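Here is the structure we will look at, set down as structure tokens.
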Amino acid sequence: MLGRNNMSPDRLEAVLMLLMLMVYNASGAFVGINIGTNVSDLPSASDIVSILKAKKIQHVRLVDSDHEMLVALANTGIEVMVGVPNNQLLRMGQSRPTAADWINKNVAAYIPATNITYIAVGDEILTTVPNAALVLVPALQFLQSALLAANLNTQVKLSSPHSMDMISKAFPPSTATFNSTWSSVMLQYLGFLKKTGSSFMLNAQPYYGYVKGQGVFPLEYALFRSLNPNSQIADPNTNLFYTNMFDAMVDATYNSIKAMNFTDIPVMVTASGWPWHSARKEPAADVDNALAYNTNLIRHVLNNSGTPSQPNNQVSTYLFELFSEDLRSGSVSGESWGIMFSNASAVYSLTFEDVATASTDSPALHGMFCVANSSAPHSALKQSLDWACGPGSANCSAIQPGQPCYKPDDIVAVASYAFNDYYHRTQASGGTCNFNSTATISSTDPITRNGQTCQ
């Protein structure tokens, strides 16, 4: 007979929610999102949680252990990854009491109401703060001891995100290895992951892989779009075909782990996304490509297909990121990875539900429209319009003479109708909103006349 339960109603509810989520998440990979703080006007913690609920996002990665966020996330069931910032790593790796104090104040104090499941210790430490390399594994070990003492070691796992720069040569994936400079640290790190049953955290950004490749890889390969049969990319050592750069990065990581004689360590992608704006020297960073990448990434992760060399290992992924961080130093594109502005308006519309079986007009495009560029020469617009209604197979019946959207003196409006129809029909299979630079993405809803969508 069970003894009397002395849990408070709130605590019992939190425990039940945790158990339900553990069962739910056992079924496959998930897509979460990063929440950065380099934002000049960051919404309140409660407003951020409201956004997460509205978008049905069930997994978040915090860059730190912000207490207001942890309180706001309580009793939501959302799984939370907290972070130990790089500037705290040195103290953590040199003092067991400091690590224990951090766990008590930032993790134990909020469980079980807040569903903390992972701690990311530092971020890309070995490639960005190399002088802290020697304290990375001690920090992990001290934090693990503190979790054990708090009886939280089964619920909360520890790891540390690494960038692709850790891999000397990522393609072909079958011959990838970690940079030998870090061999000693990586051996200890992988040993820790193996012993604790944790995941290798990888920041996989095909945008940077595409830019650094300088034309070696087609843009379609980076965006999960269909490749021309003559452009198929294969690993010559395994004859495995790669339809996207994301899978190649993950497999390069698996093979780098294997090269150090470790197996059965899962890879979790802690950051992946695409910038929506840039300076002119980064033309691939635009809204169209950002929407395509993130939509296709979500679809790819949620179909639980794994990768070519690891078909049975699903790759849970955290999208980078919720808000564009306008205070981030560096390039223009570095400030423009968010799917939302800090005022909670969308940069573009994105769904975090399973869109694998979505209709051709993907729900991810709701609220986004492909419209003609009013500054484009009319001759160029006419050429693009003819292509859209011809080889592009857009439904242009409504812009024919006598039809509700026919406007003979407004080629911008007519072209916008055709461009938008083509884009919504074909985006899921690789269609773009470009038309030789005569079109652009807009959040302005075209005018509706007699049931027909017009511009």
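If you're wondering where the values come from, they're calculated on a predicted model, not measured in any experiment.
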Looking at Glu68, I want to see if its CD is surrounded by more than 12 non-hydrogen atoms of other residues, nucleotides or ligands under 6.0 Å.
no
Could you report the tightest heavy-atom contact between Ser342 and Val39, atom names first, then the distance?
CB-CG1, 3.5 Å
Is it true that a side-chain atom of Lys56 and a backbone atom of Phe352 form a donor plus acceptor pair closer than 3.5 Å?
no
Taking all non-hydrogen atoms of both residues into account, name the closest pair between Leu62 and Leu73 and its distance.
CD1-CD1, 4.5 Å
Would you check if the side chain of Tyr221 reaches a backbone N or O of Tyr210 as a donor-acceptor pair within less than 3.5 Å?
no
Heavy atoms of Ser278 and Ser333 approach each other most closely as CB-CB, 3.9 Å
Partner set under side chain to side chain contact (heavy atoms under 4.5 Å, CB included) for Leu187, not counting sequence neighbours
Met260, Phe262
Neighbour count above 12 (heavy atom, 6.0 Å) for Lys194 NZ
yes
Spacing of Thr177 atom OG1 and Ile167 atom CD1 [to the nearest 0.5 Å]
8.5 Å
For Tyr189, which of Ser159, Ser184, Ser160 qualifies under side-chain hydrogen bond (donor to acceptor under 3.5 Å, both in side chains)?
Ser159
Near-ring test Phe419/Phe435, centroid separation under 6.0 angstrom:
yes
Has Asp235 got a side-chain atom pairing as donor or acceptor with Pro172's backbone, closer than 3.5 angstrom?
no
Measure from the ring center of His67 to the ring center of Tyr110 and say whether it is less than 6.0 Å.
yes
Rounded to the nearest 0.5 Å, how far apart are NZ of Lys195 and CD1 of Ile265?
13.5 Å
Lys/Arg N to Asp/Glu carboxylate O, Lys212 vs Asp165, below 4.0 Å
yes
Taking C-beta and beyond as the side chain, do His277 and Val287 meet within less than 4.5 Å on heavy atoms?
no
Nearest heavy-atom contact between Ala120 and Met81 is CB-SD, 3.9 Å
If we only count heavy atoms from C-beta on, is the Tyr318 to Met268 side-chain gap below 4.5 Å?
yes
Residues, nucleotides or ligands: over 12 heavy atoms within 6.0 Å of Asn151 CG
no
Atom CD in Glu325, atom CD in Glu321: separation rounded to 0.5 Å?
4.0 Å
Under the criterion side chain to side chain contact (heavy atoms under 4.5 Å, CB included), which of Leu297, Asn303, Ile298 is the partner of Val301?
Leu297
Any chance you could lay out the side chain to side chain donor-acceptor pair (under 3.5 Å) test for Trp102 and Gln88, step after step, and finish with the verdict?
CA-CA 10 Å; Trp102 192 93; Gln88 295 182 26; 3.3 Å; yes
Would you call Tyr118 and Met201 a side-chain contact if the rule is heavy atoms closer than 4.5 Å?
yes
Do the non-hydrogen side-chain atoms of Leu158 and Leu193 ever get within less than 4.5 Å of each other?
no
Looking at Tyr208 versus Trp337, is the centre-to-centre ring distance below 6.0 Å?
yes
Classify the ring geometry between His59 and Phe30 as parallel (under 30°), tilted (30 to 60°) or perpendicular (over 60°).
parallel
Which atom of Leu302 lies closest to which atom of Ala29, heavy atoms considered:
CD2-O, 3.7 Å
Does the pair Lys258/Asp251 count as a salt bridge with the N-to-O cut at 4.0 Å?
no
What is the distance from atom CE of Met340 to atom CD1 of Ile33, rounded to the nearest 0.5 Å?
9.0 Å
Between Glu124 and the options Asn86, Asn203, Thr270, the side-chain hydrogen bond (donor to acceptor under 3.5 Å, both in side chains) test singles out Asn203
For the residue pair Trp276 and Phe341, does the interplanar ring angle fall in the parallel (under 30°), tilted (30 to 60°) or perpendicular (over 60°) class?
perpendicular
Taken to the nearest 0.5 Å, the spacing of Leu202 CG from Met249 CE works out to 8.0 Å
Can you check whether Ile116's main-chain N or O pairs, donor with acceptor, with Thr114's side chain at less than 3.5 Å?
no
Parallel, tilted or perpendicular: which fits the ring planes of Phe224 and Phe246, with parallel below 30° and perpendicular above 60°?
tilted
Might you point out which heavy atoms bring Ser349 and Leu291 nearest each other, and give the distance in Å?
O-CD1, 3.4 Å
Which value, rounded to the nearest 0.5 Å, describes the distance between Ile78 atom CD1 and Thr117 atom OG1?
11.5 Å
Give a yes or no on whether Lys55 atom NZ has more than 12 heavy-atom contacts from other residues, nucleotides or ligands under 6.0 Å away.
yes
